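In what follows, a structure is listed as structure tokens, so that the remarks can point back to it.
Bear in mind that the values here come from a model prediction, so they are computed numbers and not experimental data. Protein chains get the first letters and strands the later ones, always in sequence-line order, with residue 1 at the start of each.
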Amino acid sequence: MEEESDFRKINNSFLRDHNYATEADIISTVEFNSTGELLATGDKGGRVVVFQREQESKNQPHRRGEYNVYSTFQSHEPEFDYLKSLEIEEKINKIRWLPQQNAAYFLLSTNDKTVKLWKISERDKRPEGYNLKDEDGRIRDPGTITTLRVPVLQPMDLMVEATPRRVFSNAHTYHINSISVNSDYETFMSTDDLRINLWNLEITNRSFNIVDIKPTNMEELTEVITAAEFHPHQCNTFVYSSSKGSIRLCDMRASALCDNHSKFFEEPEDPSNRSFFSEIISSISDVKFSHSGRYLMTRDYLTVKVWDLNMESKPLETYQVHDYLRSKLCSLYENDCIFDKFECVWNGSDSVIMTGSYNNFFRMFDRNTKRDVTLEASRENSKPRAILKPRKVCVGGKRRKDEISVDSLDFSKKILHTAWHPYENIIAVAATNNLYIFQDKIN
Amino acid sequence: MVAKGQKRKIHGDYETGGSVWESQLQSVLDISMDKFHRDQALVEPSLLRSVLINNTLRQVQFEVESLSEVGNPKSQTYTELQLESDFSRDSSLMSHNTQTDEDVIAWSSEDEFSLSSAISSILKDLDAVIEAGGPGPCVSQRGPLGSIENVTGDGKFSQSGLKTQRTTDIISSSSKIDMMYPSGLQDVALDKLLLDIDTTVFEPEVNFLQGFSVNADELLKCLPSMSKSSSLDSPSSSINHGQPTWEIHEIEHVMDVLMRTCPQS
């Protein structure tokens with residue numbers, strides 16, 4: 001597979017100045033829109049930065065499709081919940097684009113408690129020639145007006161403005177971890193630790209609860225919802241994953257409350273691998289439908305699994321992301337790394353899957369050839385337009401020259417969020433507060 | 001010092017309880033307890049994290065119980081292991097170590113996992129406060145204040161033999177909450193209780209989660225139906241049962257009143 005080893009880096013990366021890297025700059029979500037023209041990132045400071053792909057031009061063919069900053073806005077502000085005396089973080093947990101229906105772009109962004117619908121639109125003309133105002137905006141003295149004119153639209157420098165169109169709030173007691181737009185383009189769902197709510201995009205003061213796993217007695221709580229997603233084509237179907245490593249598929253036609261699942265996906269535990277941390281590492285951090293809608297991908301701490309929707313008993317494929325960490329689980333539990341939530345993504349044709357790891361490594365698995373590659377997203381190791389070199393972690397014994405040993409891995413550099421262009425081989429990788437965009441080699 | 005994770009290789013080791021496995025059990029227990037205590041110090045720990053740590057602690061307790069049940073001579077050495085301070089940890093964790101040792105011994109002799117019940121009691125108390133805020137715009141098919149049922153006084157608090165400082169705090173704050181919500185009250189009666197609260201009693205820095213700065217007795221005085229102990233014994237007789245369901249606008253009214261007493265940021 002060509003893209004495994006021949007990734008040429010275009011447009012280097014959007015690197016914030018390391019000297020002033022603040023926690024607010026940590027990227028918390030990355031998402032391409034449905035055409036791949038736009039790429040949105042959300043950060044811990046509640047800001048959303050949208051990048052747009054340049055149009056291809058014949059004059060500069062080597063600059064095909066670079067992404068430039070298109071719009072930046074503050075989506076969420078920190079809030080204070082007076083009732084519970086708690087601060088609500090402004091960190092953007094997820095961004096999801098709506099399909100484009102007119103010249104404007106719409107996206108949903110959410111923090112722990114509130115989902116907002118943002119409209120991003122361009123303005124490249126402005127009216128000139130008002131009667132009562134002059135060009136500076138000052139009011140003209142009516143006595144000096146002798147003629148009337150019709151204001152005319154004149155071109156101006158492109159201005160991109162983002163306006164909040166809807167605010168969906170006060171429906172979640174617990175922290176929102178996912179949002180998913182339905183294929184009917186009318187509804188979306190928001191998921192917190194114990195409940196899933198269904199909203200209509202037009203209505204903000206009412207939502208319907210479709211899943212509630214909160215036990216009557218909170219003492220019996222042993223499982224929480226970790227992620228949820230709508231089926232890409234069937235508007236009645238969605239899945240949600242749990243902290244116990246199971247996935248439930250629900251059909252909204254069956255009943256108003258989807259507490260009873262239609263399908264239950266869980267792999268029986270391997271007794272030889274059992275440890276105190278078995279449950280923690282089985283907790284699913286991300287679930288994604290394939291573009292075809294036929295498969296499901298889940299990410300737990302050490303593996304990525306591909307499930308066939310028609311087979312509930314076990315996954316179709318299991319890929320080891322960083323199995324060398326299996327003997328380090330106790331240390332990773334102590335330093336909290338075991339709770340890191342990695343995401344996973346499909347490529348446009350569902351043939352390759354990608355997920356992140358530590359030390360700014362990210363991994364790609366080709367489902368057809370069964371080959372995999374480890375790449376690194378870092379400034380030091382790649383120059384613009386350089387081809388990324390595959391990396392390797394040495395598990396024991398002799399370490400070769402280019403390999404890195406497990407003990408040398410930097411666990412503070414984790415790649416949790418990645419995105420893949422819907423059609424092309426362009427990927428976006430968020431490494432703490434830096435965004436890297438990689439593109440397939442141009443022939 | 002970081003405890004090394006050791007993978008148990010064969011099922012046989014599990015039963016015999018090798019020293020390697022025991023040391024891992026000890027380190028998992030210590031780390032989990034440490035995390036549990038730290039999370040208690042946070043105002044709002046992540047629910048996923050709390051549930052995972054809680055489940056791990058349950059698993060550890062299960063292992064400890066199975067060791068002592070079997071009457072395994074190794075269990076003797078296990079308790080000795082805990083008491084020994086040969087475990088090379090930082091000196092700052094030493095005092096914490098002895099506390100957890102006592103805890104484990106206490107657990108192994110108790111039927112209930114009182115720590116997890118303490119954890120989950122915190123969760124449900126949190127939840128009771130949250131749910132009291134009303135259903136908001138979410139039109140749930142369930143009763144809007146259904147989980148208030150959880151907030152009846154729980155006898156388990158008094159049974160917990162936990163000795164650590166932190167858990168004592170948990171118990172005292174929970175017992176304060178118990179006084180607010182006497183046991184035996186039905187949820188509808190509880191709503192009536194909220195209506196009767198004289199909010200001028202609350203000082204501005206009041207925080208639901210950490211108990212009230214007001215003396216609990218003063219609070220009870222303001223609740224006319226609850227001021228007499230006889231009414232506490234037979235709440236059903238003193239509370240009118242045939243009352244209508246809790247109206248949404250009434251909830252909002254109560255919340256407005258309560259929020260006005262809380263500090264503005």
So which residue, A:Glu223, A:His172, A:His175, ends up with the most heavy-atom pairs under 4.5 Å with chain B? A:His175
Tell me, out of A:Phe339, A:Tyr333, A:Phe168, who's got the most heavy-atom pairs with chain B below 4.5 Å. A:Tyr333
Counting only N and O atoms by type, is there a donor-acceptor contact under 3.5 Å from the side chain of A:Asn197 to the main-chain atoms of A:Met189? no
Over 12 foreign heavy atoms within 6.0 Å of NZ, A:Lys341: no
Just wondering, more than 12 heavy atoms not from A:Asn260 lying within 6.0 Å of its CG? no
Which bit of B:Ser32 is near chain A, if near means a heavy-atom gap under 4.5 Å: side chain, backbone, both or neither? both
Whether A:Arg166 and A:Glu202 form a salt bridge (side-chain N of Lys/Arg under 4.0 Å from carboxylate O of Asp/Glu) is what I want to check. yes
Using 4.0 Å as the upper bound for N to carboxylate O, is an ion pair formed by A:Asp407 and A:Lys328? yes
Below 4.5 Å from any heavy atom of chain B, which atoms of [X] appear? Answer side chain, backbone, both or neither.
{"X": "A:Ser283", "answer": "side chain"}
{"X": "A:Asp336", "answer": "both"}
{"X": "A:Thr226", "answer": "side chain"}

